[in-house]
Structures are given as C-alpha cells and as structure tokens.
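One structure is given below, encoded as structure tokens.
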Amino acid sequence: MILHTVSGRWRLGLLLAFLTAGLWATLPVALKLILRDLDPLTVTWFRFAFASVGLGLWLAWRGRLVPLRQLHGRHWALLGLAGLMLIGNYLFYLWGLHYTTAANAQLLIQLAPLLMAIGAIVVFKEHFTIAQWGGLALVAGGLLLFFSDQRAQADGPPHYALGAACIVLAAVLWACYALLQKQLLRHLGSQTILCCIYLLATLLLLPTADLSALRGLSAAAWWALLYCALNTLGAYGAFAEALAHWEASRVSVVLALTPLLTLATVELLHWLVPEWVTPETIGLVGVIGALVVVSGSIVTSLFGRRRTAS
C-alpha cells in the first residue's frame with residue numbers, strides 16, 4: 001500500500017523536486033543582487049531571523065512544537081555545534097559569492113552532499129557502491145576542469161581562487177552540519193532542529209548585523225532580500241515534501257541539475273535586464289567540466305544501495 005501510494009504520486013514529487021532546484025538555482029543570483037547594498041553578516045542575519053519566525057509560527061500552527069526538556073547536555077552541545085556549522089556555511093557561501101559568479105558558486109557547492117556522503121562512510125559506517133565511487137571521481141575531475149577553465153579566463157572573475165576556497169569551505173561546513181543533524185534526528189524532528197538553529201543564529205548574529213542599512217534599501221533591494229529569505233523556507237520545505245512523494249535517489253538526480261539551471265537563469269536575466277547580472281565567462285573546458293560534475297552527481301545518486309522493501 002505504501003509503495004503504491006508513493007509510486008502513484010511521483011508526479012508531485014517530480015514537480016516539488018524541480019521547484020526545489022529552481023529555488024536553489026535562483027538563490028545565488030538574488031544574493032549577488034542584494035550584496036550590492038548589504039554586507040554578508042546582515043543578509044545572513046535577516047535570512048535566519050525571517051526563517052526562525054516563519055518556521056516557528058508554522059510549527060505552532062501545526063502543533064508540532066516539541067518540548068526540549070528531553071535533551072541532555074550532549075544533545076545541546078550537538079545542536080549548538082550544528083548551528084555554528086550552518087552559520088559558517090551561510091557566511092562563507094556569501095563571502096565566496098562576493099568574489100566569484102553565481103554559476104561558479106552553485107557548481108562548487110555541489111561538493112557539499114558528496115562530502116556528507118564520505119563523512120557518513122567514516123562516521124556511520126555506510127558504504128559506497130563501485131558506481132558511486134566512480135560518480136565521485138567524475139565530480140572531482142569535473143570540478144578540476146571547471147576550476148582550471150575559470151583560472152585561464154582572462155576576463156573571468158577577479159580573486160576567483162579566494163572565492164572558490166570560501167565556497168569549498170562552505171561545502172565542508174554544510175557536510176559537518178548534515179552529519180550532526182543526522183545524529184540529532186534520533187531525538188528531534190528535522191523541522192524542530194532547523195527552528196532551534198535558526199533562532200540560535202538569529203541571536204548570535206544580531207550584534208553583527210547593520211540594521212540601519214535596512215532602512216536605506218530601495219524597493220528592488222527589498223524584493224531581492226525578501227526573496228532570499230523566503231527561499232530559505234520554500235526550498236527546504238519543497239525538498240522535504242519531494243522526499244515524501246518520490247524516491248530520494250530520483251530527487252537527487254533532479255537537484256543535480258541545479259548548476260545548469262543557475263547558468264540558464266543568469267543568461268536569461270542578463271538578456272532581460274543586463275544591468276542586473278553579469279554574464280558568465282565559461283570556455284569549452286569549463287562547459288565540459290560542468291557537465292561532468294552534473295553527470296557524476298547523477299551517477300552517485302542513482303547507483304546508491306537501495307533497501308529492500310519490507
């Protein structure tokens with residue numbers, strides 16, 4: 001009965017997976033726009049504050065606010081550490097985005113789920129199939145091709161290496177956060193964990209946020225900032241629902257297309273509003289590298305070990 005229900009609603013899962021990919025693909029473009037008016041710390045504080053209020057209200061409305069008294073000291077330490085990892089992920093991603101382009105950032109951040117998978121092998125003793133190791137090798141080789149192409153572009157983004165290093169560090173921090181969250185899921189629901197982390201991040205980043213700068217934003221900047229904030233809630237919500245209606249491996253295949261969707265978004269916006277977005281500078285080697293990264297991500301997702309239905 002459960003398998004029939006899931007297979008019968010795969011179209012909804014597919015739609016939600018594409019919605020997630022679309023939201024994640026357009027996020028770096030919107031962040032590039034708002035970074036012209038606000039610093040990364042203020043942008044990150046606003047996103048976390050908006051998400052903590054929005055998710056908190058939603059959980060209260062659904063009656064899913066869970067008392068935290070059941071947590072022990074070790075669990076609180078894990079929750080705090082997970083929060084610090086996610087804060088670092090947000091900040092280093094923005095700092096990297098400042099020095100590179102939206103498509104570059106979106107492609108390099110593909111390291112995050114793969115690093116999480118490698119971490120799961122070490123921490124939780126999970127296993128990779130031979131095909132998955134091949135997919136991981138494709139991702140690594142594709143990233144090297146893409147990186148060498150961007151370094152070779154005479155008119156490419158300045159300080160590309162610094163920006164790339166920040167994005168890679170953001171991917172490492174996200175992988176650490178995901179592994180910590182997996183441990184916390186034994187005691188709390190994923191939405192409760194996120195709500196706690198959002199609230200923690202809001203409080204920690206408040207002293208660093210330039211709230212006075214928010215009053216001077218133009219209408220266009222406010223729309224970009226609100227879109228980034230709504231994206232935080234919408235993308236993860238759509239992702240969770242997609243997993244409820246479709247196989248995780250299939251959802252991952254759709255999400256692997258996110259860098260290509262980012263490239264398409266940048267080109268479309270540059271064509272429509274050229275003063276908003278700078279076009280990407282990618283040579284043939286870079287295009288091949290991007291396609292290899294996407295292919296490797298798809299292989300890694302599709303050829304994972306599947307559990308036998310009971």
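These figures come from a predicted structure and were not determined experimentally.
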Would you say the side-chain atoms of Thr44 pair up with the backbone N or O of Pro40, donor to acceptor, closer than 3.5 Å?
yes
Hydrophobic clustering (ILVMFWY, side-chain heavy atoms < 4.5 Å, transitive) - are Leu230 and Leu38 grouped together?
yes
Pairwise distance NZ(Lys32) to OG1(Thr101) - rounded to 0.5 angstrom:
7.0 Å
Closest heavy-atom pair and its distance - Leu138, Gly296
CB-CA, 3.7 Å
Less than 4.5 Å apart, any side-chain heavy atom of Thr232 and any of Phe50?
no
Does Trp222 have more than 12 heavy atoms from other residues, nucleotides or ligands lying within 6.0 Å of its CH2?
yes
Please confirm whether the backbone N or O of Gly283 pairs with a side-chain atom of Asp149, one donor and one acceptor, at under 3.5 Å?
yes
Working to the nearest 0.5 angstrom, can you tell me the gap between Leu97 CG and Leu35 CG?
6.0 Å
Thr265 meets the side-chain hydrogen bond (donor to acceptor under 3.5 Å, both in side chains) criterion, sequence neighbours left out, with none
Hey, could you give me the CG/SG distance between Leu33 and Cys228, rounded to the nearest 0.5 Å?
8.0 Å
Tell me whether Leu16 is reachable from Leu257 by hopping between hydrophobic residues (I, L, V, M, F, W, Y) whose side-chain heavy atoms are closer than 4.5 Å.
no
Residue pair Trp174, Leu86: steps toward the side chain to side chain contact (heavy atoms under 4.5 Å, CB included) verdict
CA-CA 6 Å; Trp174 187 90; Leu86 193 60; 4.2 Å; yes
Answer yes or no: is there a side-chain heavy-atom contact under 4.5 Å between Leu217 and Leu214?
yes
Interatomic spacing from CG in Leu205 to CG in Leu91 - rounded to 0.5 Å:
6.0 Å
What are the two closest heavy atoms between Leu233 and Gly54, and how far apart are they?
CD1-CA, 4.1 Å
Identify, with sequence neighbours excluded, every residue that meets side chain to side chain contact (heavy atoms under 4.5 Å, CB included) alongside Asn231.
Leu23, Trp24, Thr26, Leu27, Tyr227, Ala235
Evaluate the criterion side chain to side chain contact (heavy atoms under 4.5 Å, CB included) for residue pair Thr258 and Thr20; output intermediate values, then yes/no.
CA-CA 9 Å; Thr258 301; Thr20 305; over 6 Å; no
Using a side-chain heavy atom cutoff under 4.5 Å and only I, L, V, M, F, W and Y, what cluster partners does Val53 have?
Leu57
Kindly write out the residues that satisfy side chain to side chain contact (heavy atoms under 4.5 Å, CB included) with Leu14, not counting sequence neighbours, or none if the list is empty.
Trp10, Phe18, Trp246, Val254
Contact list for residues 192-217, test ring-ring contact (aromatic ring centres under 6.0 Å, His included), sequence neighbours left out
Phe48-Tyr198
How close do Ala103 and Leu263 get, counting heavy atoms only, and between which atoms?
CB-CD2, 3.4 Å
Which residue, Ile197, Thr192, Leu79, forms the side chain to side chain contact (heavy atoms under 4.5 Å, CB included) with Leu184?
Leu79
Flag yes if Phe46 and Leu203 sit in one hydrophobic cluster, no otherwise; membership is Ile, Leu, Val, Met, Phe, Trp, Tyr, and two members link when side-chain heavy atoms are under 4.5 Å apart.
no
In one Ile/Leu/Val/Met/Phe/Trp/Tyr side-chain cluster, 4.5 Å: Val43, Trp223
no
Mind listing the closest non-hydrogen atom pair of Ile34 and Ala224 along with its distance?
CB-CB, 4.4 Å
Any side-chain heavy-atom pair of Thr202 and Leu206 under 4.5 Å:
no
To the nearest 0.5 Å, how far apart are CG in Leu194 and CG in Leu199?
12.5 Å
Who pairs with Ala290 by side chain to side chain contact (heavy atoms under 4.5 Å, CB included), at least two apart in sequence or on another chain?
Leu107, Phe146
Under a 4.5 Å side-chain heavy-atom rule over Ile, Leu, Val, Met, Phe, Trp and Tyr, are Leu15 and Leu19 clustered together?
no
State, yes or no, whether a side-chain contact exists between Tyr93 and His98 at a heavy-atom distance under 4.5 Å.
no
Can you list everything that forms a side-chain hydrogen bond (donor to acceptor under 3.5 Å, both in side chains) with Tyr177? Sequence neighbours excluded, please.
Gln181
Closest approach of Ala25 and Gln106, non-hydrogen atoms and distance?
CA-NE2, 4.2 Å
Between Asn89 (side chain only) and Ala170 (backbone N and O only), is there a donor and an acceptor less than 3.5 Å apart?
yes
About how many Å separate OH of Tyr90 and CZ of Arg47, when rounded to the nearest 0.5 Å?
4.5 Å
Do Gln110 and Pro259 have side-chain heavy atoms sitting under 4.5 Å apart?
yes
Closest heavy-atom pair and its distance - Leu84, Leu204
CD2-CD1, 4.0 Å
Heavy atoms from other residues, nucleotides or ligands near CD1 of Ile130 exceed 12 (cutoff 6.0 Å)
no
Can you name the ring-ring contact (aromatic ring centres under 6.0 Å, His included) partners of Trp133, sequence neighbours left out?
Phe128
Taking only residues two or more places apart in sequence, or in another chain, which ones meet Asp39 in a side chain to side chain contact (heavy atoms under 4.5 Å, CB included)?
Leu41, Thr42, Asp210
